[in-house]
Each structure stands twice: as structure tokens, then as C-alpha cells.
Amino acid sequence: MHDTPPPATSPRPGGIAARARAAAGPAYLQGLNPEQSRAIETLGGPVLVLAGAGTGKTRVLTTRIAHILTQGLARPGQILAVTFTNKAAREMKERIGKLIGESVEGMPWLGTFHSICVKILRSHAEAVDLKRDFTILDTDDQIRLLKQVIQAADLDEKRWPARQLAASIDRWKNRALTPDKVPSGDAYAFAGMGDELYKAYQARLKTLNAVDFGDLLLEVIRLFRENPDILTSYQDRFRYMLVDEYQDTNVAQYLWLRLLAQKDEPNLCCVGDDDQSIYGWRGAEVDNILRFEKDFPGAVVIRLEQNYRSTSNILEAASHLIAHNEGRLGKTLHTKGDAGDKVTVTCAWDSEEEARLIGDEIERLQRDGESLDDMAILVRASFQMREFEDRFITLGLPYRVIGGPRFYERAEIRDAVAYLRATMQPADDLAFERIVNTPRRGIGDATVRTIHDVARARGIPMMQAALELTESEELKAKARNSLRSLMESFARWRGQLDALPQAELAAIILEESGYTEMWQRERSADAPGRLENLKELLRSMEEFESMLGFLEHISLVMDTESGDDGEKVSLMTLHAAKGLEFGTVFLPGWEEGLFPHQRSLDESGRAGLEEERRLAYVGITRAKRRAALFFATNRRIHGLWQSTAASRFLDELPEKNVEVVDTGSLRTSGGGYGGGYGNSRFDEREPFASTYSTPGWQRAQKNRERTANSNPWKEPPMLEGEVLARSTGTDSGYSVGERVFHQKFGYGRITAVDGNKLTVKFDHSGPKRVLDSFVEKH
DNA sequence: TATGAGTCTATTTTT
DNA sequence: TAGACTCATA
């Protein structure tokens, strides 16, 4: 987005300013700050650009490319520019086009890691035992294939779910581990067969002439390693290499880059921000960026610290927060903008009130003339969205959810695509299996198994096996006839491939196969929407040159541009918000356990906490003018009401940039829960201060200090003391059978004690799990 | 093959 | 609590 100020005013010919500008260099270099200029003009050898939030990262990247091109240092085909998402690639193309004032269709090597790998693999497929028309499997295909592998190994699918194996394999591939390299500890995890199953899966992929996403990288690495001549040809070709979001690269991507950059003075420019690394759980290695100078000796490190996005209050709050992280390269962001409003922290009674407060504030801002498009609510976990959606619907406030299920991931789209794949590529067993009995045509599990067995035994594709089975007596008459008719249809469709435009043929296929009819008959509420999606699919096909081109596109690009209609508030997860910016940002749910998320702390200890903190940093730095943080003191988690404590991150914000909001509604918000006690601990004038002076909070503080002062290099368990909302194993001072009083639920009797968590059977509201610090002995 | 009862499990998600 | 999913049963 526009993370930099607009370029200087258009040149007036002949003026002093114009002459001065001409002396200063080409127009695209105008209006840059010194660091940005350096990042663009430092061209010999490796460069690492540490670009803080809102410092003009994309501008540097695109201008650098424009600069290389206009200086005649390389032709478009000699520049490799890698991004993570298609969206980022698209954006870069557009912006370069604007900069050099012509089409950049000539930048064939600007794309995602994956799309560039596909391109390389297609031209050298044979070298890695693939055919040129190999299929790319997505997660869904992958899981179905793994199910078969698990079955073949005679393992209980329940105990060893395919999903989990898929996740493991994914992790291994992220770390560039082939089956023989899987560490024994990891392999042991899957009934001691992890590596074997992985190997079997890879073998199946090869026979299917297919690769999964991870393979795209790994196969190219293998290609380069086993064929030095091919590697050299690419090293020579890519005179300049640029990588966006370097902090998000995983081991495989790193190795891939390293191979290409294996020459003297590689012109490699990596742009990233270690403070915005939030994808560690997906295999990203912050370490890659932290280690850059060691990996690429002689590297020039340039820091972009001038922020063009946020007010200084927002910037200082975010900077102070992120300074609590240890493993970082360190940057000091500054802005020339004004102080602006302070970052607000508001305490709500529960998530419902939180949504109400935010909804009210949005309406107020709207009345003051702010655009809904310029406001966003960023949540830690998607379940939080529901409360806001409910609230916005009752208010009639238009909103859009960003993220969520993608167009091409919907069942009806995947079915339709499977029909097309099976038509185009008769050897695509997975596609065939998916639709052979959809709509139901009497080809049940037993028949499919027979086809499968024949195919496996003879080493032929299922489609061919099916064809042969229609001519034998092996299948029951009914199944055989049904199968024959389906095979005839496929033959017919294939015959029309060259005669008809792809969208038209696709329409015929969906019609004749009975697929459309299946949804027309279905009378469930979402059937019309699905039919609409199918139409949308056909429409989008028209833009492609051929059916094959279309299929290639959707296997890599899983999103579609959805038309935007009217002003809307945006609702999304913090992860989805990276790279975006809004005038006003609402950040609800800043509570221990939710943010930082308990699971992150449990699974990754200190590293997990630091990643959560970076997430918080990303959240705050999305805001241009206003950042409003919220936390609720009560939240329903898995159906149980839990008292929650304010996030430690709130405590890590600098007081001078933060304003605590007293909503006034706090004092009366206790109503409705057994009534009569309205004694909220936010009764005092300042809810923020009072939160921070409750016994629970203070004890948490003490625990934190104590553990922080003890040997910090101790094993992760040291975190336990820091973490409030989990069992600490310490004696809570309560025992089963005791009577207690809880501010929200009233009187009750303890039925179980688990560390600092108590299960209390409340007289009026039944059994609940609560933290010991929120009840009193009675 | 359609349905209901019972069970399980609840971050973040791109390619 | 709620949703997804499995499994048995008609």
C-alpha cells in the first residue's frame, strides 16, 4: 500500500527546481531519504535492507529494480525478484510499471518462490524424474494421498491421522529434509514410521507425476545440486536478485537462494524486518535474517528507520513494546509527523462489551466523517471475529472479513476443477477419484477400490484401469454401466478440447456430468451460493489462453480478486494484517492466554512469546492515526467463562504514549449475572490502574520478576511462572470442598483444584473453571 | 444413503 | 459452547 509519501510535485520544465532535480538524477530517485537512496543505489554485492514498519520498503524494492533497468545494468529477464504471495508480486509489477512508465510484462522472473520454481522445473522436469506436465497438489490432495499411504502401511487412521502426517512432512520439507535426512526423533513420532511413510508418499507422488508445494522448492534444490551446469546457467542469468520479506524465508528457501547466490559478489538484495517475523510456526527462520552478514560476507546492511505512516505516539508505543524482545537486530524508528492521539487502552467486562464499545466508536468516527475503509479490527484468533460480526449486523454496520476460506478451496470449485483436470490429464488419479462418484452415480467405495487395485497392480492410471474394467466381468452390471457411461463422457469431452473455448467446454462438462444438477437439486441454504461460485469460476476461465493455462494458474494462485462494493470496516486476524495500514486500528483481546496465546507459549517458550510480541508490534504499527487496544476481564473459552488478566504486552507499553480510557460503563456492567454485587474491581476511578493493582496482577508481576531475574538461560519451563493463565503446579492455597465467592458467579464450592485453576460449582451458575486469584475464601 | 447420536477438539495460514 | 466429524442404524 502507500507506505511512502507521494513523490514530489510534477516537474515544471525549465525551472530551477527542474534543473536541480535533473542534476540529482532521474525522476524516480526524487523524494527519497538518504537511506532509501543508499538501499537503491548500492548495487555491487550483497545488501540487507532492514526496513521497519512503514519505512517505504516496497518503494525501495521497486525503485531499485527500476534503477537497474533504466541504468541498463540488466535486462528484465536478468532480474530475479521473489515475493511470498501473489498479491505482493502483483503489486510490485504494478508499481514498477508506474515507475518506468511502461509495461513490465517483460519481467519473467518476478514472482513467488513457488511460481518461479514451477517455471524452472517445467524446463528441466526430466532431470528430476518428472514429466513436463506434472501436477501440483494442494493440501487437500496431499491429505487424500497420505490417507492411502497410511492405509497401505496398515496403520490405524484414527491414531495416525493423515492431517498430522501432512503437517510433519510439511515441516520437514520446510527444513529441506528429504526422507533419509529426517532426524530419528521426528521419524519416531509416527509409530516409528515417519520417515518410511514420507518415503512412500514421495514414491506415490513420482508415479502420479505430481509434486506438492514443498517439493517445488526441494526439487529445484536437487536439480541445482545434481546438475552444476544448470545451476551455473541460472547464476549467470540472474545478474540481480531481490528478495522481499526475507524474515519469512524458511530453510529450503534459504538454501535455494544460497545456491543461486553462490558466486563472487552476488548482487543479492534482501529486504525484511526481523521485528515483523510472525510466521515461525510455518517454518520461517528469523535466523536467516539475523545471520545475513555471516552468510554473505561483505554484506552492506542498511536500516530504514524513517517512518512515514504513524504518529509518534503510536510509533513510540510500538517501539517500546518490541524492545522487550531479545533476539533482534535493533532499529530505532522515528517520524517527522506530529504526536497525534495517544494509544488508548480500554477495559471491557467481557467480549460482548468489547464489541459494543468498538462498534460505538466506529459509528462515532463515521459520524465525524471518517471512512469505514480506513478502519480495521485486528484479532489474534478468528473465533474473536464472531462477536464483532454479530454486533455489526445488529448495528447495520457494513464490514468485510479478510482472509477465511478462499475461493478455490471451496468444495464445489475443487470438484469442478477435478473434472477439468481429469479431462485434461487422464493420469490424474486424485482428480479422478474425487469426482468418480460425485454426483452419486452408483460407483461406491467397493468399485473404486477395485479400480484402484487394478491400477496399482498393473501400474496404470485409474482412468485406464476403469476403462478396462468396463470390458470385463469383474464389476457388477450396475456399476459397470455407470462407469462406462462416465468414461464415454470423458472421451467425448476430450475430443472437444481443441474445438471449444475452455470456459464453454467446462460449462458442458459440468452440465453433462450432472454436477450442476446435483446442486440445483440440493435444497440447502448454501446451494444457490455454490452455483453462483461455479458461474464465477467459468467467468474467470475466460481470461486465460487455454485450459492448461487456467489449471496452472489455480494450482499456484489460490485467491481471486473480489469486487469491492462500498465502504466497509475491515475485520481480520493480525497475521492477515501484515503489510496493510489503516487510519484507525482496533486491537481487541489483549489478555493473557489469548494474546500472547497460551499455545504459543506452551509450544515454543520464549521464542513463542517473542513471536507473539512481534505480532503485537505488527498490530500497533498498522495504525496511521489511532490505535485502540482493548482487553476483557471475562471471556468464554471453550464454552466456559474464564476470568482473564490483562496482557503483559499492555504493561510493556510506555506510559507516556498511552491513555487509559474509562468507559463509565464498567461500573454497571456486572448486571445480569446473579445480580446485586456490582463490585467490579474496576469500581475505582481508573480501571487501568486498578487492574494493575489487583492481587492476581501483582502476583503475576512478582512471578515475572522472579523468573526474569533467575538464570534466563534455563530451559523453557522458566516461562511457567510468567504465564498467568495456566497450571503452575504451585499450591493455590485452596482445597476441594471449600466455599468461595467469585465476583461474577457468586458463591460456590470447589470441586477440583488444578494448580492455580479451580473448578467451582457455583450455586447459581453451575460448574466453572476459574483462576484462584479471582475468588475469595468464604 | 440419509439421519441422528456420540465424540472430539477447539491459533495464526501461504504456496 | 459449538462445530466438525465418525459411526451405527433404519
Side-chain angles (χ1 to χ4, degrees), chain A residues 82-89 111-118 136-142 156-159 161-164 166-167 170-171 173-174 211-218 220 244-245 248-250 252-253 256 277-284 351 378-387 402-406 408-409 437-445 522 524 552-559 572-579 589 593-604 608 611-612 614-616 618-619 635-642 766-769:
Chain A
V82 229
T83 63
F84 274 83
T85 62
N86 292 298
K87 193 173 152 224
T112 62
F113 275 99
H114 297 266
S115 65
I116 287 167
C117 283
V118 171
I136 302 159
L137 303 189
D138 60 23
T139 328
D140 230 60
D141 296 323
Q142 220 181 95
D156 182 0
E157 278 174 83
K158 280 235 175 111
R159 259 197 85 189
R163 284 206 149 277
Q164 239 171 63
D170 222 51
R171 271 197 301 277
K173 288 188 174 174
N174 283 338
V211 293
D212 62 21
F213 285 123
D215 283 340
L216 290 175
L217 262 304
L218 292 197
V220 173
D244 191 14
E245 308 274 18
D248 286 339
T249 49
N250 60 32
Q253 287 154 341
W256 185 93
S277 162
I278 53 174
Y279 285 110
W281 51 277
R282 215 164 64 186
S351 56
L378 313 182
V379 297
R380 172 68 247 265
S382 40
F383 77 84
Q384 291 171 261
M385 291 188 190
R386 200 166 152 181
E387 200 85 61
I402 298 187
R406 268 147 236 291
Y408 290 112
E409 276 166 15
N437 200 31
T438 310
R440 298 221 151 80
R441 44 172 77 91
I443 304 174
D445 284 353
E522 169 119 7
S524 64
E552 174 85 39
H553 168 83
I554 60 162
S555 57
L556 284 174
V557 184
M558 293 299 271
D559 61 346
M572 69 191 98
T573 63
L574 284 159
H575 284 89
K578 198 171 84 164
L594 178 59
F595 193 32
H597 201 284
Q598 192 56 48
R599 199 133 157 199
S600 191
L601 304 182
D602 287 347
E603 283 169 10
S604 316
E611 183 154 313
E612 294 284 304
R614 290 193 291 267
L615 202 48
V618 167
R635 193 175 287 275
R636 209 154 61 167
I637 299 165
H638 309 329
L640 283 180
W641 278 102
Q642 308 250 227
K768 308 256 183 270
R769 294 251 286 174

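Convention: sequence-line order gives letters A, B, ...; per-chain numbering from 1.
Backbone-only engagement by A/Arg386 is indicated by non-hydrogen atom pairs under 4.0 Å involving sugar-phosphate atoms exclusively. A/Glu245 comes within contact range of no nucleotide atom at all, as no heavy-atom separation falls under 4.0 Å. A/Ser382 comes within 4.0 angstrom of sugar-phosphate atoms only, judged by non-hydrogen atoms across all strands, and of no base. Counting non-hydrogen atoms under 4.0 angstrom, A/Glu603 reaches a base of the nucleic acid.
A/Ser351 approaches A/Arg635 most closely through the heavy-atom pair CB-NH1, 3.5 Å. Nearest heavy atoms, A/Arg380 versus A/Leu594: CG-O, 3.1 Å. Shortest non-hydrogen contact noted between A/Ala89 and A/Gly111 is CB-CA, 4.1 Å.
Taking 4.0 angstrom as the limit, A/Thr573 places a side-chain polar atom (N or O) nearer than this to OP1 or OP2 of B/dT13. Within the structure, a side-chain polar atom (N or O) of A/Arg440 is placed less than 4.0 Å from OP1 or OP2 of B/dA2.
Nearest nucleotide to the A/Tyr279 side chain, out of B/dT13, B/dA10, B/dT15: B/dT13. Out of C/dT1, B/dT13, B/dT15, the shortest distance to the side chain of A/Thr139 is found at B/dT15. Looking at the side chain of A/Arg636, the nearest of the listed nucleotides B/dT15, B/dT11, C/dT1 is C/dT1.
Centre separation under 5.5 Å together with a plane angle under 30° does not hold for the ring of A/Phe113 and the six-membered base ring of B/dT15, so they are not marked as stacked. A/His114 does not qualify as a stacking partner of the B/dT15 base, lacking a centre-to-centre distance under 5.5 Å together with planes within 30°.
Ring geometry, A/His553 versus A/Tyr408: the interplanar angle exceeds 60°, so the pair is classed perpendicular (tilted spans 30 to 60°).
Separation of the C1' atoms belonging to B/dT11 and C/dT6 is 25 Å when rounded to the nearest angstrom.
Atom-to-atom, CG of A/Leu640 to P of B/dT9 comes out at 17 Å; the value is rounded to the nearest Å. Atom-to-atom, CG of A/Asp248 to C1' of B/dT12 comes out at 13 Å; the value is rounded to the nearest Å.
For A/His597 and A/Trp281, the distance between ring centers is not under 6.0 angstrom.
Side-chain atoms of A/Arg380 come within donor-acceptor range of the base of B/dT12, with a qualifying N/O pair under 3.5 Å.
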